[in-house]
There are 2 protein chains.
Amino acid sequence: MTIPRPLPSELPENITLEMVARTAGVSPATVSRILNRSARVSERKRAAVEAAIKALNYRPNALARGLAQGRTNSIGVLTQDIASPFYGEALRGIENALKDTGAIPLIVSGHWLLRDEVERLEHLLSRRVDGLIVLTGSLPDEMLLRYATEVPLVVTGRDLEGPNLMSLRFDDYLGARMATQHLIDLGHQRIAHVAGPLDHFDSIERLRGYREALVDAGIEPDDDLVVHTDFHEPGGLLAINQLIAARKPFTAVFAANDQSAFGARLALHSHGIRVPEDISVVGFDDLPVSNYVVPPLTSVKQPAYEMGEIAARALVGMIHGEPVKGHLPQPELIVRASSRPLRR
Amino acid sequence: MTIPRPLPSELPENITLEMVARTAGVSPATVSRILNRSARVSERKRAAVEAAIKALNYRPNALARGLAQGRTNSIGVLTQDIASPFYGEALRGIENALKDTGAIPLIVSGHWLLRDEVERLEHLLSRRVDGLIVLTGSLPDEMLLRYATEVPLVVTGRDLEGPNLMSLRFDDYLGARMATQHLIDLGHQRIAHVAGPLDHFDSIERLRGYREALVDAGIEPDDDLVVHTDFHEPGGLLAINQLIAARKPFTAVFAANDQSAFGARLALHSHGIRVPEDISVVGFDDLPVSNYVVPPLTSVKQPAYEMGEIAARALVGMIHGEPVKGHLPQPELIVRASSRPLRR
DNA sequence: CAGAATATTGAAAGCGCTTTCAAGGCGCAA
DNA sequence: TTGCGCCTTGAAAGCGCTTTCAATATTCTG
């Protein structure tokens, strides 16, 4: 099950630092010093070494370096789905923040499965990453705290205090309140909620925000208008079909994320229900594509890209030993064409 | 600019294989043999070692292993944009194919910039990846051939023969022909094309397919109906706005990828033009989300996921030293609601 | 039961780099 | 000229693992 060694082939032999040293007529130590700018070296030797590096086309071996230094210049990133549009933005942010630090992100996916998440984290740790970013997921807090004893760790999607650990949580509750309030302000009373999975902290918070906004507006929350699904398009579609089949009247939908909002919107469409004329739809996340669907989707902006940047920067700070704090921006409602005042 | 060593802190000391050996009362060699199943070991020692591993919570150091073995069980993947929905699917395929090989993909992004691509590849090579998957990009063929002398390489999006190298190309030309032919079959004659960048091989091929389908159907291609853009939503939107501003009549749009089709569709919408009633739209790629936009998008299915799987499997084969050939499925047109017969 | 063949084990030499330590070179002051 | 301090340099030890080689233990054959 493991990949065996490469063929003993005619591939060009590996150029080592020692060969560079020999052709430049200096010691390996000197070459290392030049490579790492870790000590001053006479101009003559420096020139000779640089020439040798060029001539031999030398490329330092990061493994050997890491082994010797006890540091790899890599950070582990646990995402949940490598193709998720939301986490994809976060990854972009991480990549960008890391760009000039010389560090490289090692990205692995946990698929929202505890087993996979643990396995992948272990894998990253055995590669001796300098730090870890955990994008949400389903690891219990205690495990995260334990991992944080091994390596600096930043986790998103939850509140958690601990040594060597920073957490970054978006205010899902407030975001959901804002979305729901927006619909209420437009005159909607019967607002359905396409919720996320019950075992996701964010779903629960969003559901709570939805509920409390209703209550505070004097609207009795109706559990029959809430359908839990999986944060994906098909789920949103099925949810709406279910609601329609149950003949529960509603004039607006608040979906717990944009992907399920897309599914919901399609379900409405195929029932001949127009958005926003007949029913308003509001999503959550504000994916890049949400500005380009028809009609453009009103959504709570979750700053995924910034979240990635903040997480990465904070982690680098922690690795440096600087005590850091980063904070996520407040929720913001982006109003587009998918929501409009209730016709009466 | 580089990340300095971790703080000299109270973190639990690193457990090494040697410590395992000592507590189990065996030699390091024996522990290694057990870890790698590389030789048979008596039951007693095996049990002792396994107990020690558990007790100490030992986690092998992948760097040391890689250094000693000359192999890292990691493969480098150069994508272009970590958040691209299309390449995201390919990454999923790669991840999946690699899952049980023990190898891990190191994913880096080239952003369609030669400079970034080279820099990232060098980075991967200095980490001594066992192989390389290059998802399209803008590296000249010669460079790829040169990289292939260092490490097995699979490249997508082009035809290239060479030792230690495999290329995987989708038939963009045929796909574009099929899309265009579909519109022609529906009675459309004035078919606009939202093309991709002129310096992308795939765009050129798709443009060619579009053109030749028209010619073969006896329709004179009209260059004024072709607008080049960047494969993204805003580009598609602008392209259609431009076409409409130029008052060039058309009854159908073939977009060179789904993302620009989304933009195009929104532009039509905001001009009060209905899809498919007034104008048919066909995309290319068949992104997962294309089945959930309104109306669901007719599109040429590009098997991104499978492409990733095939590439990864082929690469693993090459690393094993097996001469492999993989092949991409033929283009397939997925007809959905965004295209319909021309009203006359 | 001797001797040969085989199975199991450990010592030790690397893998390619960094880093400590000490030595040698140099300039300068006295 | 001698002596001192500072710079630059190289030797060598190590990072944590694998793997060869040889030694020892075990089993088998006749």
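Taking a 4.0 Å limit (strictly below) on heavy-atom distances, residues 26-35 of chain A reaches DNA chain C at Ala29(A), Ser32(A), Arg33(A).
Leu17(B) has its CG atom 15 Å from the C1' atom of dC15(C), to the nearest Å. Atoms CZ (Arg37(B)) and P (dT18(D)) sit 12 Å apart, rounded to a whole Å. Between the CZ atom of Arg22(B) and the P atom of dG10(C) there is a distance of 14 Å, rounded to whole Å. Rounding to whole angstrom units, CZ of residue Arg71(A) and P of dC17(C) are separated by 16 Å. Distance Leu56(B) CG to dG16(D) P: 14 Å, rounded to the nearest Å. Between Glu43(A) atom CD and dT9(D) atom P the separation is 10 Å, expressed in whole Å. Atom pair Gln69(B):CD and dG16(C):P shows a separation of 14 Å (rounding to whole Å applied). Atom CZ in Arg65(A) sits roughly 16 Å away from atom C1' in dC15(C) (whole-Å rounding).
Residues Lys54(A) and Glu50(A) are not paired through a salt bridge, judged by the lack of any N-O separation under 4.0 Å between the basic side chain and the carboxylate. No salt bridge links Lys99(B) with Glu95(B); every basic N to acidic carboxylate O contact stays at or beyond 4.0 Å. Under 4.0 Å is where a charged nitrogen must lie from a carboxylate oxygen, and between Arg146(B) and Glu142(B) no such pair does. For Asp130(A) and Arg71(A), the salt-bridge test fails: no basic side-chain N is under 4.0 Å from an acidic carboxylate O.
Considering only the side chain of Lys45(A), dG10(D) comes nearest among dG16(D), dG16(C), dG10(D). Taking only side-chain atoms of Val41(A), from C-beta outward, the nucleotide of dG16(C), dT9(D), dT18(D) with the closest atom is dT9(D). For Asn61(B), the listed nucleotide lying nearest its side chain is dC17(D); candidates were dC17(C), dC17(D), dT9(D).
The residue from Phe170(B), Tyr87(B), Phe86(B) that alone fulfils the side-chain contact (heavy atoms from CB on, under 4.5 Å) condition with Thr136(B) is Tyr87(B).
Taking only side-chain nitrogens and oxygens, Ser42(A) never comes nearer than 4.0 Å to OP1 or OP2 of dC7(D). Of the side-chain N and O atoms in Asn36(B), one or more sit less than 4.0 angstrom from OP1 or OP2 of dT18(D).
Between the side chains of Glu161(A) and Ser167(A), not a single donor N or O lies within less than 3.5 Å of an accepting N or O. Side-chain contact check for Glu117(B) and Ser138(B): at least one donor-acceptor pair (N or O, by modelled atom type) lies under 3.5 Å.
The residue among Ala39(B) and Tyr58(A) whose nearest nucleotide of DNA chain C lies closer to the 5′ end is Ala39(B).
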